[in-house]
Amino acid sequence: MSFVASMYNYWIVIVLMMAGLYILITRHNLVKKMIGLSIFQTSIFYLYISMGKVAGGTAPILIDEAVQYSNPLPHVLILTAIVVGVATTAVGLALIVRIHESYGSIEEDEIRVQEAEDAQ
Amino acid sequence: MTEQIVIVTLLTFLVISVVGIIVLRNLLAAVILLGLYSLVAAGAFVVMDAVDVAFTEAAVGAGISTILLLGALSYTTHVQKPQKHNNYAALLFVTVTGALLIYGSLDLPGYGSATSPVQAHPEVGRRFIDESILETGVPNIVTSVLASYRGYDTLGETAVVFTAGIAVLSLLGRRRRLTRDEHSNSTDEEDLV
């Protein structure tokens, strides 16, 4: 039981990651793909933060009483990753808006059909 | 123990909202669920002592990225078309990959372990906690690492955000004017492109 409790975080991370990957592979809607990418990213954040946690520790802000702090380094790395992640989401969505203007659709298979017709 | 229960509950909420996102074909509902997902994740980050990450996730993940997605939906469409073919191959692929990852995770140090390499490494883990106050004078260790020890990294991050801003403006700004011109008079399209 305690083994399951200590591994639960990692397993949830893996489930979330695979759910994001599943959306990316199967959904043809481009906005849905961006949502899947966000879920995938957040699961990685979760993995890092879980690794930084120390049982009985507190947030890494120095106070007099604290005896144990959680590791601050994963927090710093993930702060950067969150901001970079939203920047890539913004670029992806801008591309989707442009694709919608050109093709009138954000469904990948419909776009592919139009491409094939244009090529003929 | 209470902390463990809170974390397990929040993580289970995350999985439920992701299942909702997979099933829903209404994109507006999926985007709002993604905002909820980010907010629950921010709550879980607070329980795991990452307060700085929690408020960044709440502001940027739940706030800005939801607004960006809603903005994109307002220019495109709200409904995802039904899938024409089955997805069993993809389901098999993610199940097998997930099973392999879970098998790999069995060797990881347990959650909250104080002796794991992440915590015990003298240069990257302990050093910031023990010496950052002497070297930078900032009580918040995350701030001192972000702005001082990894200052160039943060500068690089700023460059990435700036580049993304330029990319979005060049994709959308010019095109908007072009489509408006096309509607008013259809001439001169070659010049504008």
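As the structure is a prediction and not an experimental result, all values here were calculated from the model. So you know, we letter chains A, B, ... as the sequences are listed, proteins then strands, and number each from 1.
- The shortest non-hydrogen separation linking S113(B) to S116(B) is OG-N, 3.3 Å.
- From R150(B), atom CZ reaches atom OG1 of T154(B) across 8.0 Å, with rounding to the nearest 0.5 Å.
- Heavy atoms closer than 4.5 Å to chain A are found nowhere in A89(B), neither backbone nor side chain.
- Heavy atoms closer than 4.5 Å to chain A are found in the backbone of V79(B), but not in its side chain.
- Of the atoms belonging to M51(A), heavy atoms from both backbone and side chain fall under 4.5 Å from chain B.
- Criterion: ILVMFWY side-chain heavy atoms under 4.5 Å apart, direct or through other members. Under it, V4(A) and I102(B) are part of a common hydrophobic cluster.
- The CG atom of L73(A) sits 9.5 Å away from the OH atom of Y48(A) when rounded to the nearest 0.5 Å.
- Closest approach of H75(A) and M48(B) over heavy atoms only: NE2-O, 4.5 Å.
- Within the 4.5 angstrom heavy-atom criterion, only side-chain atoms of I7(B), from C-beta onward, approach chain A.
- Per-residue counts of heavy-atom pairs under 4.5 Å with chain A were compared for D52(B), I129(B), L106(B), V160(B); the largest is that of I129(B).
- Looking at I106(A), only its side chain comes within 4.5 Å of chain B, counting heavy atoms on both sides.
- If you tally non-hydrogen atom pairs under 4.5 Å between each of R27(A), M7(A), M34(A) and chain B, the highest count goes to R27(A).
- Contact annotation for I39(A): both backbone and side-chain heavy atoms come within less than 4.5 Å of a heavy atom of chain B.
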Requested in this report: Tell me, with the steps shown, if T95(B) and M18(A) meet side-chain contact (heavy atoms from CB on, under 4.5 Å).
Outcome: CA-CA 8 Å; T95(B) 313; M18(A) 288 304 117; over 6 Å; no
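- In terms of heavy-atom pairs under 4.5 Å with chain A, the best-connected choice from V19(B), T97(B), N140(B), I133(B) is N140(B).
- Heavy atoms only, all atoms of each residue included: I141(B) and P72(A) are closest at CG2-CG, 3.4 Å.
- For the set T88(A), I25(A), T26(A), the count of heavy-atom pairs under 4.5 angstrom toward chain B peaks at T26(A).
- Contacts of I82(A) with chain B are made by both backbone and side-chain atoms, with heavy-atom separations under 4.5 Å.
- Interface remark: of the candidates I23(A), I78(A), I35(A), V84(A), I35(A) forms the most heavy-atom pairs closer than 4.5 Å to chain B.
- Within the 4.5 angstrom heavy-atom criterion, no atom of Y149(B) approaches chain A.
- Formation of a donor-acceptor pair under 3.5 Å by the S102(A) side chain with backbone atoms of I99(A) is not found in this model.
- Interface remark: of the candidates G92(A), S105(A), A59(A), A87(A), A59(A) forms the most heavy-atom pairs closer than 4.5 Å to chain B.
- Checked by atom type, the side-chain pair S50(A)/N9(A) shows a donor-acceptor distance below 3.5 Å.
- Note: W11(A) and F3(A) have perpendicular aromatic rings, judged against thresholds of 30 and 60 degrees for the angle between ring planes.
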Query raised in the report: Checking side-chain contact (heavy atoms from CB on, under 4.5 Å) for the pair Y46(A)/I12(A): CA distance, chi angles, key distance, verdict?
Result: CA-CA 9 Å; Y46(A) 220 97; I12(A) 290 291; 5.9 Å; no
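- A distance of 5.5 Å separates CZ of F45(A) from OG1 of T42(A), quoted to the nearest 0.5 Å.
- Of all the listed residues (T89(A), L30(A), L95(A)), the one sharing the greatest number of non-hydrogen pairs under 4.5 Å with chain B is L95(A).
- Proximity to chain B is limited to the side chain of L77(A), based on heavy atoms less than 4.5 angstrom apart.
- Each of T77(B), L69(B), D153(B) has some count of heavy-atom pairs under 4.5 Å with chain A, and the biggest count is that of L69(B).
- For Q41(A), no part lies near chain B; criterion is any non-hydrogen pair under 4.5 Å.
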Report task. Could you walk me through whether V31(A) and I96(A) pass the side-chain contact (heavy atoms from CB on, under 4.5 Å) test, one step at a time? Result -> CA-CA 7 Å; V31(A) 173; I96(A) 292 170; 4.1 Å; yes
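- Between chain A and the options V31(B), V138(B), V53(B), heavy-atom pairs under 4.5 Å are most frequent for V53(B).
- Side-chain polar atoms of D109(A) and H28(A) form a donor-acceptor pair below 3.5 angstrom.
- Interface residue Y10(A): only side-chain heavy atoms are found under 4.5 Å from chain B.
- In this structure, the portions of A50(B) lying under 4.5 Å from any heavy atom of chain A include both its backbone and its side chain.
- Looking at L11(B), the atoms closer than 4.5 Å to chain A (heavy atoms on both sides) sit in the backbone and in the side chain alike.
- Between chain A and the options V51(B), L91(B), T143(B), V46(B), the largest number of non-hydrogen pairs under 4.5 Å is found for L91(B).
- Taking T12(B), I64(B), N87(B), T163(B) one by one and counting their heavy-atom pairs under 4.5 Å with chain A, the maximum is reached by N87(B).
- The parts of E57(B) that come within reach of chain A are both its backbone and its side chain, each placing non-hydrogen atoms under 4.5 angstrom from that chain.
- Here the closest non-hydrogen pair linking L10(B) and G43(B) is CD1-C, 3.8 Å.
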